[in-house]
Amino acid sequence: MGKEAFYRCVECNEKAAELHRDYSNGILKITICESCQKPVDKYIEYDPVIIFIDAILCKAQAFRHILFNTSLNIHWKLCVFCLLCEAYLRWSALHGSEQSSDPADIIRYTKEWEFYGKFGLAALELAAFCSGVLSFLWLWESRLQGRSAELDLLLRALLLSCYGKVLLIPTVIWEHDYSPLCLGLIKLFVLTSNSQAIRVVLNCSRRLSLVAVCFGLLSETLTTQTCRKLQWSIQDMWTS
């Protein structure tokens with residue numbers, strides 16, 4: 001079967017040829033894993049809301065169901081949507097003290113190039129984070145462990161595990177005064193989800209996934225600082 005390599009038991013991560021068997025009269029029977037003697041994927045009978053809740057709780061079973069046993073392919077759309085929300089928050093922070101009820105001001109602000117700059121910065125930081133994580137894991141798997149890292153699947157897992165950034169949506173919609181603590185907690189939740197996604201894809205230890213996430217975070221921080229220094233240098237050139 002073409003899909004045989006992609007099915008995994010959500011309990012023990014062993015490969016499976018099928019998730020269920022379709023009998024006559026529409027009767028379906030969930031396949032039992034030969035390794036752990038449990039259903040290969042119990043989530044095929046669950047409501048999507050329950051699956052989403054388990055994913056929020058960072059359960060490995062829910063992550064395996066989403067990454068291996070579904071054809072969910074919204075990681076790029078989710079990535080762009082989250083980047084737009086993050087860029088808007090950064091852009092609005094620049095004009096937070098310039099609130100005006102004049103529609104002309106609102107139109108003028110929406111046309112400012114600063115928003116696109118913030119979007120580009122957020123995208124660059126995400127690219128640096130993913131590049132740092134993938135580079136570290138590729139080095140660890142191929143050079144130290146002698147195995148080939150599944151970079152495509154890892155990238156998809158990293159982007160999907162950034163779903164925690166959707167918590168920024170209420171801030172964008174209601175224009176609430178968000179606090180650094182709130183944004184810090186969202187960032188921590190996203191990093192925790194990233195770590196769990198790495199563990200599920202590579203079936204590795206928690207320590208390795210945390211080190212990979214820290215390496216990506218370091219790469220993101222260095223990129224942010226470099227961009228800020230470059231921005232300050234450009235501003236100094238214009239003012240001098």
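Note that the structure is a prediction, hence the values are computed from the model and not measured.
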Item to check | Where Q61 and V10 come nearest, the two heavy atoms and their spacing | outcome: CG-O, 3.1 Å
Item to check | CG-CH2 distance between L202 and W140, expressed to the nearest 0.5 angstrom | outcome: 11.5 Å
Checklist entry - So, are E125 and R90 salt-bridged, with charged N and O less than 4.0 Å apart? => result yes
Checklist entry - If you look at every heavy atom in S205 and R199, which pair is closest and at what distance? => result O-CG, 3.9 Å
Checklist entry - Can I198 and L158 be said to form a side-chain contact (heavy atoms from CB on, under 4.5 Å), step by step? => result CA-CA 7 Å; I198 294 172; L158 285 175; 4.1 Å; yes
Checklist entry - Above 12 or not: heavy atoms from other molecules or residues under 6.0 Å from CZ of F215? => result no
Next on the checklist: If we count only N and O atoms by modelled type, under 3.5 Å, do the side chains of D54 and Y43 hold a donor and an acceptor together?
Outcome noted: yes
Next on the checklist: Restricting to non-hydrogen atoms, name the atom on T223 and the atom on S219 that form the minimum distance, rounded to 0.1 Å.
Outcome noted: OG1-O, 2.9 Å
Checklist outcome for this item: What one should report as the nearest heavy-atom pair of C162 and L126 is SG-CD1, 4.4 Å
Checklist entry - Please walk me through it: do L222 and Q225 pass side-chain contact (heavy atoms from CB on, under 4.5 Å)? => result CA-CA 5 Å; L222 292 176; Q225 292 179 351; 4.3 Å; yes
Checklist entry - Linking I/L/V/M/F/W/Y whenever their side-chain heavy atoms sit closer than 4.5 Å, directly or via other members, would Y116 and L84 fall into one cluster? => result yes
Item to check | From CA spacing to verdict: side-chain contact (heavy atoms from CB on, under 4.5 Å), L183, L168 | outcome: CA-CA 8 Å; L183 297 182; L168 297 172; 3.6 Å; yes
Checklist entry - If you take all heavy atoms of I66 and A55, which pair is closest and at what distance? => result CD1-CB, 4.2 Å
Next on the checklist: Working note: F189 + I56, criterion side-chain contact (heavy atoms from CB on, under 4.5 Å); need CA distance, chi angles, decisive distance, verdict.
Outcome noted: CA-CA 9 Å; F189 175 72; I56 290 178; 4.1 Å; yes
Next on the checklist: I need the H65 NE2 to C9 SG distance, nearest 0.5 Å.
Outcome noted: 13.0 Å
Item to check | Q196 side chain vs C58 backbone, donor-acceptor pair below 3.5 Å | outcome: yes
Next on the checklist: Could you measure the distance from the CG atom of L160 to the CG atom of L78? Nearest 0.5 Å is fine.
Outcome noted: 6.5 Å
Next on the checklist: Hydrophobic clustering (ILVMFWY, side-chain heavy atoms < 4.5 Å, transitive) - are F119 and L121 grouped together?
Outcome noted: no
Next on the checklist: When you compare the side chain of F129 with that of L191, does any pair of heavy atoms fall below 4.5 Å?
Outcome noted: yes
Checklist entry - Nearest heavy-atom pair of V40 and I30: which atoms, and what distance? => result N-CG2, 4.4 Å
Item to check | Side-chain H-bond candidate by donor/acceptor type, S195 with S209, under 3.5 Å | outcome: yes
Item to check | Non-neighbouring partners of F81 that pass ring pair (Phe, Tyr, Trp, His ring centres under 6.0 Å), sequence neighbours left out | outcome: none
Next on the checklist: Hydrophobic clusters here meaning ILVMFWY residues chained together by side-chain heavy-atom distances under 4.5 Å, can you tell me if V200 and L151 are in one?
Outcome noted: yes
Item to check | Rounded distance [0.5 Å steps], NZ in K165 versus CG in L89 | outcome: 11.5 Å
Checklist entry - Any link between V190 and I53 through a network of hydrophobic side chains (Ile, Leu, Val, Met, Phe, Trp, Tyr) touching at under 4.5 Å? => result no
Next on the checklist: Would you say that more than 12 heavy atoms from the other residues, nucleotides or ligands in this model lie under 6.0 Å from the NZ of K38, or not?
Outcome noted: no
Item to check | Test: K118 and E114 ion pair at under 4.0 Å | outcome: no
Item to check | Flag side-chain contact, heavy atom, 4.5 Å: F68 against N13 | outcome: yes
Checklist outcome for this item: Separation between CZ (R156) and CG (L67), nearest 0.5 Å, reads 5.5 Å
Next on the checklist: Treating N69 as the side-chain partner and R8 as the backbone partner, does any N or O pair qualify as donor plus acceptor under 3.5 Å?
Outcome noted: yes
Next on the checklist: Hydrophobic clusters here meaning ILVMFWY residues chained together by side-chain heavy-atom distances under 4.5 Å, can you tell me if W76 and V80 are in one?
Outcome noted: yes
Next on the checklist: Nearest 0.5 angstrom please: C33 SG to E14 CD, how far?
Outcome noted: 6.5 Å
Next on the checklist: So C130 and L159, do their side chains get closer than 4.5 Å, heavy atoms only?
Outcome noted: yes
